[in-house]
Amino acid sequence: MHFQWYPGHMTKAKRAMQEDIRLIDVIIELVDARIPHSSKNPDIDGLANGKSRVLLLNKKDMADETIVNKWLSFYEEKGYHTIAINAKKKNELRQVNELIQKACQTKIERDRKRGIKNRPVRAMIVGIPNVGKSTFINSFAGRACAKTGNKPGVTRGKQWIRLNKQVELLDTPGILWPKFEDQIVGQHLAFIGSIRDELIQNTDLALDLIEFLCEYYPNTLSNHYEVNETCDSVAVLTELAVNRGCIQKGKEPNLDKAAFLLLDDFRNARLGRISIETPDKHKGES
């Protein structure tokens, strides 16, 4: 299956972000803990311009804990301030705030020497669709997130949101999406639902997922769907369709419906904690 997706308005969003970067102290990027490499936007590295970087591996509860810990070590070695989180759990956000303060320690110390005390850290939160950015903001700020008004030099329409006494978030429209050349990246983004299903072939994607699960998480499919795991992914999907009542006219298995069921179960962690990517294949990369 061929994946390619880079909406034209993302170019506009990228230009807008270039203007906003100068206003902030730290960039907070959310990635999906199941596919940290593929859900991390390489455009951000070019736009960061020496700013402090915080990387949050969200949806840790859906990913393989052992592999998540390897990713944390991988990115810490690259100079990121990083932590794994579940953005739905508000009690975990204290650690995020501490991480932001640590990432901006040089700036905070510089302000202190200048006699500036208690000035909030200015942050920008970025993340591609479906990594949980909105959930994170809502959990961090709470329902009553106070807008602190326009700041000097901020283009019209942008707002600063006071997340707490220590952090202000620049809320900007538009979300950057990676323009991927590697088709594996596209496949992984499709697995977690970051590419709209109408733009892909669900059946082909489900067959790819079956092959992955059979190789790296054996018995997952047989335990969950009571199917015989074989090298024939079509046979597995067909048996899954029969077992789950995905039948169409003529009493033929409905593979499209079975594919949707499988992908939905994976995306909602009903198959267990599964990581699609490991850092071993990305040594030497940023």
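The model shown is predicted, which means the values in this text are computed figures rather than measured ones.
- Contact of the Val31 side chain with the Val131 side chain is not registered, since no non-hydrogen atoms from C-beta on lie closer than 4.5 Å.
- Using a 4.5 Å cut-off on side-chain heavy atoms (C-beta onward), Arg270 and Asp264 make contact.
- By the rule that hydrophobic residues join a cluster once side-chain heavy atoms approach within less than 4.5 Å of another member, Ile161 and Leu30 end up as members of one cluster.
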Exercise for review: For the pair Leu170 and Asp20, evaluate side chain to side chain contact (heavy atoms under 4.5 Å, CB included) and give the outcome as yes or no after the intermediate values.
Suggested key: CA-CA 8 Å; Leu170 177 58; Asp20 297 333; 3.7 Å; yes
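- A donor and an acceptor atom, one from each side chain of Asn41 and Glu29, are nowhere located under 3.5 Å apart.
- Residues Asp64 and Ile274 have side chains not in contact (no heavy-atom distance under 4.5 Å, counting atoms from C-beta outward).
- Between Glu226 and Asn243, the shortest heavy-atom distance links the atoms O-ND2, 2.9 Å.
- Between Phe140 and Phe136, the ring-plane angle classifies as perpendicular under the 30° and 60° cut-offs.
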Practice item. Check the pair Glu92, Asn86 against side-chain hydrogen bond (donor to acceptor under 3.5 Å, both in side chains), reporting the backbone distance first and the verdict last. Key: CA-CA 7 Å; Glu92 295 186 0; Asn86 175 357; 5.5 Å; no
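- Pairing each heavy atom of Leu189 with each of Ser39, the nearest pair is CD2-CA, 4.1 Å.
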**Study point:** Derivation of the side chain to side chain contact (heavy atoms under 4.5 Å, CB included) call for Val167 and Asn97
**Key:** CA-CA 8 Å; Val167 181; Asn97 193 56; 3.3 Å; yes
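- The shortest side-chain heavy-atom distance between Leu209 and Leu263 falls under the 4.5 Å cut-off.
- Closest approach of Pro253 to Ile247, counting heavy atoms only: CA-CD1, 4.1 Å.
- The cationic atom of Arg53 (NZ for Lys, CZ for Arg) does not lie both less than 6.0 Å from the six-membered ring centre of Tyr75 and within 45° of the ring axis.
- Within the cation-pi definition used here (under 6.0 Å to the ring centroid, within 45° of the axis), Lys70 does not qualify as a partner of Phe74.
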Point to revise | Stepwise side chain to side chain contact (heavy atoms under 4.5 Å, CB included) check, Leu240 with Leu261 | key: CA-CA 9 Å; Leu240 189 160; Leu261 187 152; 4.2 Å; yes
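- For the pair Ile192 and Ile35, the minimum side-chain heavy-atom distance is below 4.5 Å.
- Atom CG in Asp256 sits 8.0 Å away from atom CD in Gln201 (nearest 0.5 Å).
- A side-chain donor-acceptor contact under 3.5 Å links Glu239 to the backbone of Asn228.
- In terms of hydrophobic clustering, with Ile, Leu, Val, Met, Phe, Trp and Tyr side chains grouped at heavy-atom distances under 4.5 Å, Val242 and Val234 are assigned to different clusters.
- For CD of Glu211, the number of neighbouring non-hydrogen atoms (other residues, nucleotides, ligands) closer than 6.0 Å is greater than 12.
- Within 6.0 Å of the CD atom in Gln248, the count of heavy atoms belonging to other residues, nucleotides or ligands exceeds 12.
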Exercise for review: Would you please test Glu98 and Arg94 for salt bridge (Lys or Arg N to Asp or Glu O under 4.0 Å) and show each step?
Suggested key: CA-CA 6 Å; Glu98 292 175 354; Arg94 180 181 60 81; 2.6 Å; yes
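- When every heavy atom of Asn58 is checked against every heavy atom of Ala87, the shortest pair comes out as OD1-N, 2.9 Å.
- The hydrophobic clustering, which links ILVMFWY residues whose side-chain heavy atoms are closer than 4.5 Å, places Leu57 and Met62 apart.
- Listed here is the closest heavy atom pair of Gln101 and Gln166: NE2-CB, 3.4 Å.
- The line from CD of Glu65 to NZ of Lys60 is 8.0 Å long, rounded to the nearest 0.5 Å.
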Point to revise | side chain to side chain contact (heavy atoms under 4.5 Å, CB included) assessment of Asp265 paired with Leu271 | key: CA-CA 6 Å; Asp265 282 347; Leu271 303 181; 4.1 Å; yes
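- To the nearest 0.5 Å, the span separating NZ on Lys88 from CG on Asn138 amounts to 12.0 Å.
- When all heavy atoms are compared, the tightest approach of Thr230 to Ala235 is OG1-CB, 4.4 Å.
- Once rounded to the nearest 0.5 Å, the distance linking CD of Glu277 with OG of Ser38 reads 3.5 Å.
- In this structure, Leu207 CG and Asp232 CG are separated by 9.0 Å, a value rounded to the nearest 0.5 Å.
- Thr82 places a side-chain N or O within donor-acceptor distance of the main-chain N or O of Leu55, the cut-off being under 3.5 Å.
- Side-chain contact between Ser139 and Leu93 is present, with heavy atoms from C-beta onward closer than 4.5 Å.
- Val54 places none of its side-chain heavy atoms less than 4.5 Å from the side chain of Tyr80.
- Under the side chain to side chain donor-acceptor pair (under 3.5 Å) test applied with Glu168, the options Arg162, Arg122, Arg119 reduce to a single match, Arg162.
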**Study point:** Derivation of the salt bridge (Lys or Arg N to Asp or Glu O under 4.0 Å) call for Lys40 and Asp45
**Key:** CA-CA 10 Å; Lys40 185 176 180 296; Asp45 295 333; 3.2 Å; yes
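- The CG atom of Asp32 lies 5.0 Å from the NZ atom of Lys59; values are rounded to the nearest 0.5 Å.
- Ser233 places none of its side-chain heavy atoms less than 4.5 Å from the side chain of Phe212.
- In summary, of the residues considered (Val121, Ile24, Ile125, Ile28), a side-chain contact (heavy atoms from CB on, under 4.5 Å) with Leu169 occurs for Ile125 alone.
- Ring planes of Phe266 and Phe191: perpendicular class, angle over 60° (limits at 30 and 60°).
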